[in-house]
Amino acid sequence: MSLSRREFLQMLAVASAAGINLETAQAGTGTQRVAGSVKANNASSNMYEVPRFGNVSILHMTDMHAQLKPVYFREPNINLGVGSMKGNPPHLVGENFLKHFGLEPNTPAAHAFTCLDFSEAAKKYGKVGGFAHLLTLIKHMREQRPGSFLLDGGDNWQGNALALWTDAQSQIDAMKIAKPDFFTSHWEATYTKDRMVEGINELETETNMAFVAQNILDSDFYERVFKPYVIREQNGVQVAVIGQAFPYTPIANPSWMVDGWTFGIRDEKMQETVDAARAEGAEVVIVLSHNGMDVDLKMASKVTGIDAIMGGHTHDAVPTPTIVKNSSGQTIVSNAGSNAKYLGVLDLDVRKGKVQDFKYHLLPVFSDFIEPDKEMQAYIDNAYNQQIEFQGKTFNVGERTSDVLATNDALLYRRGNFTGTWDQLLCDALIDVNDAQISFSPGVRWGTSLIPGEPITYDDMMTHVALTYPNVTVNEFTGEQIKGILEDVCDNIFNTDPYYQQGGDMVRVGGLKYACAPNAEKGKRILDMELGGEPIDPKKTYKVAGWASVAEPGNIPGDTGEMIWDQVETWLRDQKHIKPVKPNEPTLKGVEGNPGITDKC
């Protein structure tokens, strides 16, 4: 059953009357005029009517991953926090998430922020995101908030077929229409640093956008490559925006793509930058961050003088920001989800040169209830109707992306600390196509979802594999080496010091069964490894297929010369129909009672 716009807004009104906090999932009372492009019943509460507050407003989008069109996107059922992070945002899922943030089940907010009853709720509320729909909401907020700044937290250029095929140009052109004021980066660098700089220069030349990154330095002279911050006036208030690019770009992604640059968290440099902005007259200091939320929370406790961190990278959709105390005050820390599914709205009351109060809303973008922006929609339609040449083949984008590879009865998703059903398909394909015993697939958090009954198109598949380093590899690894790989990735996720976490999730594993103890010491988290019911022998070698090696082409160990999308396409066509999928989840130990896991999704 799907809802009409009228029924949807009536449901919001009932939720409001029941006492749901509209400052988290919904906002406003419906008493204000609603923009014609946001479909609403003026007699009911409307989540997209957010009364203006204060005199400085920041709009925040992040981690779009090139999703120009509306999508389904399931939030995780496992997002474990360890150490001091256990039980605290963002490490809450399902019913624990609802309880913490005071949200009612079986509501639009519950569907937007959790995985609960996902398939049925998705049928009811429809798809989310879409750049044209998001832009309508952005323009609506800007009309209510004259002078407001739009911040893009990075990971805009990568994540679908069209962006890959156009070398990111499709996203750069879309950004020219959306006109963000500030931008920082992560996956943008995987088009190579030269292409990243070229795209940034194009945007800065043709729009009012400023790219900011205080933590990208030249590796020869340790001079900054980009502007660390920019100060702009908003309604008579001097506002500084400091950029924090993903600090582990050369580690999590191919270092050869950013050769000559060095990254890092750089707390001391950040403090110097904040102090410099304040000395230059900034009354408000905002950090546009791609650290990941746990890292942002620690940074906020160490670096003083930051009013708010608008965060991304870990794709956490957190309705209410965390207030972090430090030695000279406090910092607002927020994270605005992914896939064009949300818009963060931070309103600040700035008087006497400092922030006196604030209000924050994280607005889900329900595509069926927002009219798409006409200019952006026309651009998207044209982009999907163009002829493209890629890897020696010429084809129509719309025809290629809409090609059905298999019918489907499964709920397919990726998000979760250990695996997802989409990951399982990738791992199964790698094993079958390469006649391997074990498969590894990277634990990235991008990639959209599909509900049962929705066919798998080429576009759907590509949201999970559209990388600029897609080569499939086949290698012989000993059992000891396999354990070492799993232990290294596991420590990256579950190290109790956020500064040793690099974002993402556990490498996805096919064929191999294992147990994981996230709270154990480094090197002792991976247990009970089995293959075909037999324990893994540390000395024995096993045939392992994988993809996305960070080694430079020509030096990739075990390179088959084949691309992941070709192998998965072939495998899906051979399968013809996908039945419900049981993911290869590890047995978890020592996580009983952790609110970052639920079995109700």
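Crowding of Glu268 atom CD: a count of heavy atoms from other residues, nucleotides or ligands under 6.0 Å not exceeding 12.
For the residue pair Pro321 and Ser334, the shortest heavy atom distance occurs at CB-CB, 4.2 Å. Taking all atoms of both residues into account, the shortest heavy-atom contact from Gly159 to Ala66 is N-CB, 4.0 Å. Nearest approach of Ile451 to Ala122, heavy atoms of both residues: CG2-CB, 3.8 Å. Closest approach of Ile231 and Gln238 over heavy atoms only: CG2-OE1, 3.4 Å. What you find for Val128 and Ser367 is that their closest heavy atoms are C-OG, 3.0 Å. Contact record, Ile216 with Ser185: CD1-OG, 4.3 Å, taken as the closest heavy-atom pair.
Rounding to the nearest 0.5 Å places CG of Leu363 at 5.5 Å from CG of Leu137. Taking CG of Leu151 as the start and CE of Met61 as the end, the distance is 10.5 Å to the nearest 0.5 Å. Here His186 contributes atom NE2 and Met196 contributes atom CE; the two are 10.5 Å apart, rounded to the nearest 0.5 Å. One distance of note links CD of Gln330 with OG1 of Thr322; it measures 12.0 Å at 0.5 Å rounding. Going from atom CG of Leu288 over to atom CZ of Phe211 covers 9.0 Å, rounded to the nearest 0.5 Å.
Tyr499 carries Lys298 over the face of its six-membered ring, with the cationic atom under 6.0 Å from the centre and within 45° of the normal. In this structure, Arg232 is positioned above the aromatic face of Phe182, its NZ or CZ under 6.0 Å from the six-membered ring centre and within 45° of the axis. Lys341 forms no cation-pi arrangement with Phe73, by the criterion of a distance under 6.0 Å to the ring centre and an angle within 45° of the ring axis.
Remark: aromatic rings of Phe418 and Phe494 are close, center separation under 6.0 Å. Checked against the 6.0 Å centroid threshold, Phe118 and His111 count as a close aromatic pair. Checked against the 6.0 Å centroid criterion, the rings of Tyr342 and Phe113 qualify as a close aromatic pair. For Tyr248 and Phe263, the gap between ring centers reaches or exceeds 6.0 Å.
A donor and an acceptor atom, one from each side chain of Asp505 and Asn417, are located under 3.5 Å apart. The closest side-chain donor-acceptor pair between Ser57 and Asp347 falls under 3.5 angstrom. Counted by atom type alone, Thr304 and Ser327 present zero donor-acceptor pairs between their side chains at under 3.5 Å. Side-chain contact, His313 with Asp63: no donor N or O sits under 3.5 Å from an acceptor N or O. Residues Gln171 and Asn156 bring a donor and an acceptor atom of their side chains to less than 3.5 Å of each other. Side-chain atoms of Gln501 and Asn495 include no donor-acceptor pair closer than 3.5 Å. Side-chain atoms of Asp267 and Gln271 form no donor-acceptor pair, as typed in the model, at a separation below 3.5 Å. Looking at Asp296 and Ser289, their side chains do bring a donor and an acceptor atom within 3.5 Å of each other.
The backbone N or O of Ala163 sits less than 3.5 Å from a side-chain atom of Asn160, completing a donor-acceptor pair. Although no hydrogens or angles enter the test, the distance criterion places a donor-acceptor pair under 3.5 Å between the side chain of Glu188 and the main chain of Asp155. Side chain of Arg445 to main chain of Thr314: a donor-acceptor pair is present (N/O by atom type, distance under 3.5 Å, no hydrogens or angles). Side-chain N or O atoms of Thr107 include none that pairs as donor or acceptor with a backbone N or O of Leu103 at under 3.5 Å. For the pair Gln502 (side chain) and Ile493 (backbone), a donor-acceptor distance under 3.5 Å is absent. Side-chain atoms of Thr598 never come within 3.5 Å of backbone atoms of Gly94 as a donor-acceptor pair (strictly under, hydrogens ignored). When atom types are taken as modelled, the side chain of Glu202 and the backbone of Ile172 share no donor-acceptor pair closer than 3.5 angstrom. Remark: the backbone N or O of Gly154 is paired with a side-chain donor or acceptor of Asp152 at under 3.5 angstrom. Side-chain atoms of Asn88 come within 3.5 Å of backbone atoms of Ser84 as a donor-acceptor pair (strictly under, hydrogens ignored). With Thr331 contributing its side chain and Ile306 its backbone, the two residues share a donor-acceptor pair below 3.5 Å.
The shortest side-chain heavy-atom distance between Arg414 and Ser449 does not fall under the 4.5 Å cut-off. With a 4.5 Å cut-off on side-chain heavy atoms, Gln244 and Met270 count as touching. Proximity of Val212 to Ile242: side-chain heavy atoms (C-beta onward) are nowhere separated by under 4.5 Å. Residues Phe366 and His133 are not in side-chain contact: their nearest non-hydrogen atoms beyond the backbone lie 4.5 Å or more apart.
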- Asp173 vs Lys176, salt bridge (charged side-chain N to carboxylate O under 4.0 Å, His left out): CA-CA, chis, key distance, verdict: CA-CA 5 Å; Asp173 290 341; Lys176 292 175 188 177; 3.3 Å; yes
- Given the rule in the side chain to side chain donor-acceptor pair (under 3.5 Å) test, do Lys269 and Gln214 qualify, once you have shown the distances and angles that lead to the verdict? CA-CA 7 Å; Lys269 289 281 188 183; Gln214 72 87 22; over 6 Å; no
- Can you check side chain to side chain donor-acceptor pair (under 3.5 Å) on Asp381 and Gln377, steps first, answer last? CA-CA 6 Å; Asp381 291 343; Gln377 189 60 54; 3.0 Å; yes
- Task: Please test Gln356 against Asp349 for side chain to side chain donor-acceptor pair (under 3.5 Å), starting from the C-alpha separation and ending with a verdict.
- Result: CA-CA 6 Å; Gln356 304 292 336; Asp349 177 16; over 6 Å; no
- Decide side chain to side chain donor-acceptor pair (under 3.5 Å) for Tyr229 and Glu280; before the verdict, give the C-alpha distance in whole Å, the side-chain angles of both, and the deciding distance to 0.1 Å. CA-CA 11 Å; Tyr229 68 93; Glu280 196 176 327; 2.6 Å; yes
- Task: Evaluate the criterion side-chain contact (heavy atoms from CB on, under 4.5 Å) for residue pair Val56 and Phe358; output intermediate values, then yes/no.
- Result: CA-CA 9 Å; Val56 171; Phe358 79 95; over 6 Å; no
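The side-chain hydrogen bond (donor to acceptor under 3.5 Å, both in side chains) with His91 is formed by just one residue from the set Asp316, Asn96, Asp294; it is Asp294. In summary, of the residues considered (Lys139, Arg142, Lys179), a salt bridge (charged side-chain N to carboxylate O under 4.0 Å, His left out) with Asp373 occurs for Lys139 alone.
Aromatic ring orientation, His65 versus His315: tilted (interplanar angle from 30° to 60°).
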